[in-house]
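Written out below as structure tokens is the structure these notes cover.
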Amino acid sequence: MAGLRVLLCLGALLARQGSADLGAVAIGEVHENVTLHCGNVSGSRGLVTWYRNDSEPTFLLSSNSSLPPASPRFSLEDAGALHVEALSLEDDGNYTCREDLNGTRWFPVWLRVASGPDQIEVNISATGTLSNGTLYTAKGSQVDFSCHSTSWPPPVVEWFIQANNWESLGKNLTANSFALLQMSQNLQGNYTCSATNVLSGRQRKVTTELLVYWPPPSAPQCSVVVSSKSATLELTCNWDGGYPDPTFLWTEEPGGTVLGNSKLQTLSPSQLSEGKKFKCFGSHIVGPESGASCVVQISSPSLASQPMKTCFMGGNVTLTCRVTGANPPARIQWLRNITEPEAAIQPGSHYQITRHGQGSSLTIYNCSQDLDEGFYFCRAENLVGVKAVDIWLSVQEPLNIGGMVGMVVSLLLLGLAIVVGLMLYYSPVFCWKAGNTFRGQDMGDIMVLVDSEGEDEEEEEEDKEDVDEVEQETYEREELPIEIRKHGHIHRVTALVNGNLDRMGNGFQELHDDSDEQQSDIVEEEDKPVG
Ligand SMILES: *[C@@H]1O[C@H](CO)[C@@H](O)[C@H](O)[C@H]1NC(C)=O
Ligand SMILES: *[C@@H]1O[C@H](CO)[C@@H](O)[C@H](O)[C@H]1NC(C)=O
Ligand SMILES: *[C@@H]1O[C@H](CO)[C@@H](O)[C@H](O)[C@H]1NC(C)=O
Ligand SMILES: *[C@@H]1O[C@H](CO)[C@@H](O)[C@H](O)[C@H]1NC(C)=O
Ligand SMILES: *[C@@H]1O[C@H](CO)[C@@H](O)[C@H](O)[C@H]1NC(C)=O
Ligand SMILES: *[C@@H]1O[C@H](CO)[C@@H](O)[C@H](O)[C@H]1NC(C)=O
Ligand SMILES: *[C@@H]1O[C@H](CO)[C@@H](O)[C@H](O)[C@H]1NC(C)=O
Ligand SMILES: *[C@@H]1O[C@H](CO)[C@@H](O)[C@H](O)[C@H]1NC(C)=O
Ligand SMILES: *[C@@H]1O[C@H](CO)[C@@H](O)[C@H](O)[C@H]1NC(C)=O
Ligand SMILES: *[C@@H]1O[C@H](CO)[C@@H](O)[C@H](O)[C@H]1NC(C)=O
Ligand SMILES: *[C@@H]1O[C@H](CO)[C@@H](O)[C@H](O)[C@H]1NC(C)=O
Ligand SMILES: *[C@@H]1O[C@H](CO)[C@@H](O)[C@H](O)[C@H]1NC(C)=O
């Protein structure tokens, strides 16, 4: 290759003896050497003389050594071939070899000199350039490609894309420009512009890698979950769907203390304080310039439940515990004894535990007084904190509805009789007149008034006698402490445990001993009810 670059063209070698018009074509490149053959004849030759034939023949070189060559660039090679060194474009032209032997024969050769292409100018109007020099563009944007090169004769300039397989994007001479209007994922690839000298076949290529990037389609979503090892919390910043992956930055809010720059961020126990906020800041190379962010707040659960429930013997009852605000979601347990969280109620034939949303409900089947009456604790725990709330369940003998109705009716009648008796006693005249005038309508009103008072009294009476009606509780309460008047005793429960699992786990006694505890991390029971 380094030697003479002889690109002898063949096609035109119809140069049969005698047909001088149909000469051979030789191709050389600028600065290279070329050898022109004196016909397709091998072996010893007669006297060979080379001429340049433009308007008229010009002597170049002869095998008669007494005649000097026209230029030192010319020399004779084997079989009368003309060797030309250091070609220039001016050497392009028609040459003739004359051979004198027995007669004279002429052998024309058309020397064609090619130049270049030496360089290609490629311009791609991409969005930006990565640090390693690779171009990238945003999906959907327009990209203009242009390629320019010079050579003699003018080159064929062609664009190729190598995405999945090679594909030509069009040929042109000298210059080639085109635009891709809507960059899509499958247009990411290596774009090659090639410039080819059709004469010499010399080709130059410039390959440019063009990446097509797009940001995630929606806003980032922050969440917190208990890590698989269950020992601590893990923040997750979900901002998927972009290419390449975005970068993340987790900070503590407020303050902006940097926690890390991965999508997942594990929190250390010291960072788990109630209500603390964490912000994830996502940035993508072709995303919004100001980036995108989301905030997650960790918080301990808040509990709400009905303070007391009633169940008839042999019947079913459902205790409900609503949990709100827990992030991450709390683990909920139902306990009989708050100091023994490890002895949680297990679902079975007697108990059924249903999780609904963040809350939970405990259904007790076939209530029995001995077994089931008493306190139930709903305990909700996440790594941020632990809370518990109690529910008193009383189990009662089933009531005879008929008997109850009868009793209420007889009480009403009794009340009516008393009222009428009293009125007659104190004001028989008024009563008489009123009765005549209003035909007992006022009487009815009065009676109703009295009746309702009586009923209230009766209900209070019933309550004291543990004859609760089976009705939904009329109020709920949030958190504790509360006082529950029950069975003539005052029962007070304070169950508010903040953020210390160990102490919670170790039980009531340790909690109590922890005297310098400022918060009400106390589970206190005073004056236990008579079960
Ligand atoms: C051309 O030929 C000369 C002499 O034969 C040699 O010295 C030179 O290296 C050649 N040049 C090229 C480019 O081949
Ligand atoms: C030269 O001539 C021989 C026979 O005379 C032929 O076989 C050969 O193909 C010719 N070469 C070219 C380049 O035409
Ligand atoms: C080259 O010159 C010779 C002699 O003058 C002539 O016969 C021949 O036709 C010329 N060839 C061309 C291609 O001009
Ligand atoms: C070589 O050239 C010289 C000078 O022109 C001439 O005298 C001589 O006859 C030539 N020889 C042949 C073999 O033609
Ligand atoms: C050389 O000769 C061919 C015919 O054989 C002709 O077509 C061509 O134009 C000539 N080239 C030059 C530079 O005169
Ligand atoms: C030249 O002519 C002689 C006699 O006329 C003959 O013997 C010889 O072979 C010929 N040479 C060539 C190369 O044709
Ligand atoms: C440049 O970096 C991008 C992204 O890291 C990579 O996809 C590409 O292959 C790199 N290009 C080169 C030439 O290293
Ligand atoms: C080649 O490029 C030129 C200049 O850019 C343009 O005028 C011409 O139409 C193009 N030809 C083809 C076949 O694309
Ligand atoms: C471009 O070519 C390089 C080298 O062959 C390859 O590593 C890279 O993946 C290609 N880029 C694309 C987008 O196909
Ligand atoms: C208690 O629940 C069980 C199972 O769902 C059901 O078969 C039974 O009838 C219920 N008892 C009462 C008193 O509602
Ligand atoms: C709860 O458990 C503790 C420890 O086992 C025990 O001392 C306490 O009496 C229990 N309380 C009730 C109400 O059962
Ligand atoms: C309900 O409990 C009592 C004892 O408490 C038992 O005798 C009875 O068989 C139970 N009934 C059902 C349906 O399980």
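Below, all heavy atoms of this structure are taken into account, side chains as well, without hydrogens, waters or symmetry copies. Order of appearance sets the numbers: ligands from 1, and atoms from 1 within every ligand.
Among N132, L130, T134, T129, the residue whose heavy atom sits closest to atom 1 (C) of ligand 7 is N132. One option in L335, T339, N337 has a heavy atom closer to atom 14 (O) of ligand 11 than any other, and that option is N337. Residue nearest to atom 13 (C) of ligand 5, selected from A24, G93, S55: G93 (by heavy-atom distance).
Between K263 and D240 there is a salt bridge, since a side-chain N of the basic residue sits under 4.0 Å from a carboxylate O of the acidic one. Looking at R331 and E381, a side-chain N of the basic residue comes within less than 4.0 Å of a carboxylate O on the acidic one, giving a salt bridge.
Aromatic ring pairs are classed by plane angle as parallel below 30°, tilted from 30° to 60° and perpendicular above 60°; the pair F178 and F145 is parallel. By the 30° and 60° cut-offs, the orientation of the rings of W239 relative to H284 is perpendicular.
The distance criterion of under 3.5 Å between nitrogen or oxygen atoms is met by N94 with respect to ligand 5.
Atoms of ligand 5 found under 4.0 Å from any heavy atom of W110 (numbered from 1 in listed order, with element): 8 (C), 11 (N).
In terms of protein heavy-atom proximity, atom 9 (O) of ligand 7 is closest to E209 OE1, 3.6 Å. At the top of the distance list for atom 7 (O) of ligand 7, counting protein heavy atoms only, stands L211 CD1, 3.8 Å.
Side-chain atoms of T134 and N132 include a donor-acceptor pair closer than 3.5 Å.
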Problem - Verdict with supporting geometry, V317 and D372, side-chain contact (heavy atoms from CB on, under 4.5 Å) - result: CA-CA 10 Å; V317 69; D372 298 322; over 6 Å; no

